[in-house]
Amino acid sequence: MNLFNSALKKNITFVHPAYFVISGFSGIPNIKYYYVFLCFVYIVSVLGNTAVMAVIYLDHNLRTPKYIAVFHLAFVDLFGSSALMPKVLDIFLFNHRYIPYNDCLTFFFFCYTCLDMQVLNLVALSYDRLIAIIHPLHYQVKVTHRFMLSLIASFWVFVVTIVLIAVGLLTRLSFCNSVVINSYFCDHGQIFRLACNDYTPSYVFGMFSIALILWFPLAFILLSYLCIGYALSKVATAQERYRAFKTCTAHLSLVAIYFLPILITFTLMENIHPNARIINLSLTSVFPPMLNPIIYVLQTQEIKVSVKRLLRIRGKSKITTNK
């Protein structure tokens, strides 16, 4: 506790820079084409997630607890991409690498809040699949609209609290040497390592946050699928096992897309080249929001049926209008 108390003393004057400099990639020619590619990914992400949200909103058959979580995932993907990508494109395509101190902390807050909520949304979907397969008869009692909304709201409170504490600890740091952040956005680890006073509280809290937001959710998801696999092994026919497992494929795809790049980055840690780290994290930030709506449309039967139904209704209304 003394460590954190020393960081929160009020009689210390902290040196805050007027701005930070986002370095981005180093030594890579024509790197602007990569940011143009990220811009294209962002546009597809916005269109895809908006479409998924619209389909769920318009089709009353999709107003179920599961699709509340899917709608929220699309919203967080849209919000997170919009918090990150326009600023990243402004920084690197238009060479606005100087970012004011307060703007950087705000940028950090919104980016990390959305990234963390993406993980916890996968936990909500994992719990939904777990109850649907293991306790199908009690599913409508255990997973209600109210329960899912309360779970998502509690995740928001938890994540906002965690990120605000991280921001608060960053404000207790002095920056009297370098202000160059070796990343593509205001990255937590890269910011506190620039401090010229003791950044141990930020480091410890960062490790604690990774365990809470990354490792514990991943452990819960893996454990839930072990339980699902065990439950399906007791199902009489292979066709029933396949039909039940098929409802999980979209979620499993999202888990793999989100966690694998992050696990590679955190496993290699200091052994990974800064450029490789930036590519890995930037793709992790923009690819899941782009792929999530595509995966749900292609692998979820209810959404495919809903899209066809909405298109059919729209087509009939056009014919009626023309007549």
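Side chains included, hydrogens not; waters and symmetry mates left out as well; all remaining heavy atoms used.
Around atom CZ of F25, more than 12 heavy atoms belonging to other residues, nucleotides or ligands sit under 6.0 Å away. At most 12 heavy atoms of other shown residues, nucleotides or ligands fall within 6.0 angstrom of atom OH in Y203.
Annotation: disulfide (SG to SG under 2.5 Å) contacts of C104 (sequence neighbours excluded): C186.
Classification of the Y112-F108 ring pair by plane angle, with boundaries at 30° and 60°, yields tilted. Ring-plane geometry between F147 and Y127 is classed as tilted, the angle between the planes lying from 30 to 60 degrees on a 0 to 90 degree scale.
Between F192 and L173, the shortest heavy-atom distance links the atoms CB-CD1, 3.6 Å. Among all heavy-atom pairs drawn from S202 and H188, the shortest one is O-CE1, 3.6 Å. Across every non-hydrogen atom of Y258 and V119, the tightest pair is CE2-CG2, 3.1 Å. Across V286 and V41, no two heavy atoms sit closer than the pair O-CG1, 3.5 Å. Across every non-hydrogen atom of V159 and M117, the tightest pair is CG2-SD, 3.8 Å. When all heavy atoms of N121 and A69 are compared, the closest pair comes out as ND2-O, 3.6 Å.
Distance alone, capped at 3.5 Å, is enough to place a donor-acceptor pair between the N197 side chain and the S174 backbone. Side chain of H96 to main chain of K87: no donor-acceptor pair is present (N/O by atom type, distance under 3.5 Å, no hydrogens or angles). Although no hydrogens or angles enter the test, the distance criterion places no donor-acceptor pair under 3.5 Å between the side chain of T113 and the main chain of F110. Side chain of N280 to main chain of A276: no donor-acceptor pair is present (N/O by atom type, distance under 3.5 Å, no hydrogens or angles). Not one N or O on the side chain of D128 forms a donor-acceptor pair closer than 3.5 Å with the backbone of P65. The main-chain N or O of F175 is never found under 3.5 Å from a side-chain atom of H16 such that the two would form a donor-acceptor pair. The backbone N or O of L122 lies less than 3.5 Å from no partner atom in the side chain of S126, so there is not a single donor-acceptor pair. A donor-acceptor pair under 3.5 Å is formed between the side chain of S282 and the backbone N or O of I279.
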Derivation of the ring-ring contact (aromatic ring centres under 6.0 Å, His included) call for Y98 and F20: CA-CA 6 Å; Y98 292 82; F20 286 108; over 10 Å; no
Stepwise salt bridge (charged side-chain N to carboxylate O under 4.0 Å, His left out) test for R277 and D187: CA-CA 12 Å; R277 180 181 178 277; D187 195 344; 2.8 Å; yes
R129 vs V143, side-chain contact (heavy atoms from CB on, under 4.5 Å): CA-CA, chis, key distance, verdict: CA-CA 10 Å; R129 291 299 84 205; V143 185; over 6 Å; no
Stepwise side-chain contact (heavy atoms from CB on, under 4.5 Å) check, L84 with Y184: CA-CA 10 Å; L84 175 67; Y184 67 103; 4.0 Å; yes
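When only modelled atom types and interatomic distance are considered, T106 and N102 share no side-chain donor-acceptor pair under 3.5 Å. With hydrogens and angles left out, the side-chain atoms of N95 and R97 include a donor and acceptor closer than 3.5 Å. Counted by atom type alone, Y67 and D59 present zero donor-acceptor pairs between their side chains at under 3.5 Å.
Among residue pairs with one or both ends in residues 152-162, those qualifying as side chain to side chain donor-acceptor pair (under 3.5 Å) are H72-W156; sequence neighbours excluded.
To the nearest 0.5 Å, the span separating CG on D77 from OG1 on T50 amounts to 11.0 Å. Within the model, atoms OG of S183 and CG of L281 stand 6.5 Å from one another, a figure rounded to the nearest 0.5 Å.
Between I210 and W215, the closest side-chain pair of non-hydrogen atoms falls below 4.5 Å.
The hydrophobic clustering, which links ILVMFWY residues whose side-chain heavy atoms are closer than 4.5 Å, places Y225 and L222 together.
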